[in-house]
Amino acid sequence: MSFTLGPALPMLSQGVKGLNRIEYADSYPELDALCEGVRELAPAAFRALYASQTDLLHSFAFSILRDRAGAEDAVQQAFLELVKAAPTFTGDGRSIRAWLFRSVRFRCLDEIRRKSRRQEDLRATLPDRADEPFIEHGLDPELEAALSRLTNQQRQVLFLRHVAGMSGHETAGVLGMKRGAVFATAARAERRLRQLLATESEVAS
Amino acid sequence: MKTDLHRRLQAHGRRPMDPAARGRQLAIIEAAVDQQRRSGAVAHAVRRRPRRRAAVALLSLALLVPAGVGVAAESALPGDTLYPAKVFAESVRRIIDDDIAAEHRVVELEQLVERDAGAALLDRQLQEARREVDALATDHQLRDRLRDLERRLRMVTDRSQVDDGRPTHDQPIDSSTDEQPSDQPATDERLTDPHPADQIEAPATDQPPRETDTDRRSTGDAPADGTDGDRSGGEHDRRAQEPAPVGETDGEPVPAPDEPVHRGDGR
């Protein structure tokens with residue numbers, strides 16, 4: 001009996017892809033088209049860039065800070081930094097996106113450091129977010145509770161992979177990690193999240 | 001399960017910014033863009049790169065050119081374009097190496113002798129070398145090298161005097177033709193002491209003087225030096241086949257070393 005793996009490989013690959021059903025973007029043609037305008041400080045290019053990236057950047061900042069005002073501030077600072085750096089910017093749409101995410105992340109980490117210097121316990125304030133308006137956008141209290149048990153880095157990796165749809169390479173670029181470390185952190189975070197969600201649902205039932 | 005978690009995370013993670021805050025922020029960002037444009041940041045950015053490149057090129061030139069000149073000037077000789085650069089570098093190196101100038105002068109003199117440089121240049125170089133070597137310790141090896149060079153120079157001058165057939169009083173490098181250099185070591189007194197002009201007075205006739213003429217007049221010996229002997233030997237061979245010129249005092253083309261004819265030649 002002979003068995004060849006060759007013809008089975010594409011099927012296997014498709015099957016795995018189909019199972020995951022998660023698509024990660026590798027290029028951003030609409031952002032590539034804006035790069036020249038950004039470099040030349042064209043207001044239209046900045047408007048288009050802001051319109052396409054603000055919500056995602058704001059969500060990312062919020063996932064780190066758990067604070068709306070802080071997240072808005074971080075996004076604004078990142079764009080103002082981009083205005084200053086734009087004339088010397090070289091790169092494509094993917095790099096401009098990664099640059100914005102990195103900038104937002106640094107602003108958020110600065111904010112966390114500033115707050116921790118003031119001896120504020122951020123974690124203690126996390127459950128008291130029930131009155132925030134994002135409840136209208138489908139807040140998942142179970143998931144929120146489970147996420148609050150993860151580390152900040154795990155939350156960032158999960159956000160960039162699942163919400164921003166970044167590839168491992170892109171995520172690694174934004175977080176300053178190795179690609180392998182991104183995959184390992186994502187796998188560990190997902191496993192931990194599933195465990196926490198299972199425990200929550202058991203408790204609820 | 002995995003896709004379910006993905007969907008939940010995606011739905012949970014999306015937190016759009018408040019529209020009022022969005023409008024406010026966009027106005028601030030547009031104002032910043034406008035200000036940046038008006039400050040000429042674009043033109044500046046375009047100009048800056050070539051300027052930076054030019055600065056880097058200039059800096060590299062400023063570092064590389066003196067180094068290149070220094071290396072190239074190492075082998076310069078007096079009269080070369082880069083010789084002043086060598087002298088300048090030498091004046092710096094002199095701080096840590098006292099003998100550098102003397103060594104350079106002697107080496108230069110050696111090279112000039114090898115190249116058959118002009119008499120005036122050789123004389124100037126010899127004076128320079130003497131000046132530098134005199135400042136050294138008395139037993140310095142450079143003294144011996146300079147002495148050898150002086151000996152060689154004397155021989156060259158002797159030869160040129162004889163070959164040209166005219167006196168070389170105007171030539172600054174003095175030669176003491178009264179004794180062979182290889183017979184006894186030269187002394188500084190002899191080097192600096194100019195030979196009396198009457199000793200190398202040209203003969204009355206237009207005939208080229210024999211090389212052995214002046215030698216024999218004083219010593220009466222055949223040339224002891226091998227080189228000199230070879231040169232004069234060749235000439236003698238040529239002349240041996242010619243008839244002796246009428247009226248010449250030393251009619252014998254190849255005289256015996258101890259022939260008394262010349263010894264009694266009025267001297």
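Sequence lines set the chain letters: A, B, ... in the order given, protein chains first and strands last, and positions in each chain run from 1. If you're wondering where the values come from, they're calculated on a predicted model, not measured in any experiment.
The heavy-atom pair separating B:Met17 from A:Asp55 by the smallest distance is N-OD1, 3.0 Å. Smallest separation of non-hydrogen atoms from B:Gln25 and A:Val75: OE1-CG1, 3.8 Å. Here the closest heavy-atom approach between residue B:Gln36 and residue A:Leu41 is recorded as CG-CD1, 3.4 Å. Listed here is the closest heavy atom pair of B:Ala32 and A:Leu80: CB-CD2, 3.5 Å. Of all heavy-atom pairs between A:Ser59 and B:Pro16, the closest is OG-N, 4.4 Å. The two residues B:Arg24 and A:Glu72 come nearest to each other via the heavy atoms NH2-OE1, 4.4 Å.
Enclosure of atom OH in B:Tyr83 by more than 12 non-hydrogen atoms of other residues, nucleotides or ligands within 6.0 angstrom is indicated. Counting heavy-atom neighbours within 6.0 Å of B:Gln35 CD, excluding the residue itself, gives a total of 12 or less.
Interatomic distance, CZ of A:Phe79 versus CG of B:Leu26, reported as 9.0 Å (0.5 Å rounding). We find the CG-CD distance between A:Leu158 and B:Gln10 to be 12.5 Å, quoted to the nearest 0.5 Å. To the nearest 0.5 angstrom, A:Glu190 atom CD is 10.0 Å from B:His6 atom NE2. Here the CD1-CD distance, from B:Ile28 to A:Gln76, works out to 4.0 Å after rounding to the nearest 0.5 Å. One finds the CZ atom of A:Arg161 at 12.0 Å from the CG atom of B:Leu9 (value rounded to the nearest 0.5 Å). From B:Leu5, atom CG reaches atom CZ of A:Arg191 across 13.0 Å, with rounding to the nearest 0.5 Å.
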From CA spacing to verdict: side chain to side chain contact (heavy atoms under 4.5 Å, CB included), A:His58, B:Asp18: CA-CA 10 Å; A:His58 179 262; B:Asp18 181 45; over 6 Å; no
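Under 4.0 Å is where a charged nitrogen must lie from a carboxylate oxygen, and between B:Arg37 and A:Glu40 no such pair does. Using a 4.0 Å cut-off between charged nitrogen and carboxylate oxygen, B:Arg15 and A:Glu144 count as a salt-bridge pair.
With a 4.5 angstrom heavy-atom cutoff, A:Leu57 does not touch chain B via any of its atoms. The part of B:Glu30 that comes within reach of chain A is its side chain, from C-beta onward, which places non-hydrogen atoms under 4.5 angstrom from that chain. Contact annotation for A:Leu147: only side-chain heavy atoms (C-beta onward) come within less than 4.5 Å of a heavy atom of chain B.
In terms of heavy-atom pairs under 4.5 Å with chain B, the best-connected choice from A:Leu197, A:Leu143, A:Leu193 is A:Leu143.
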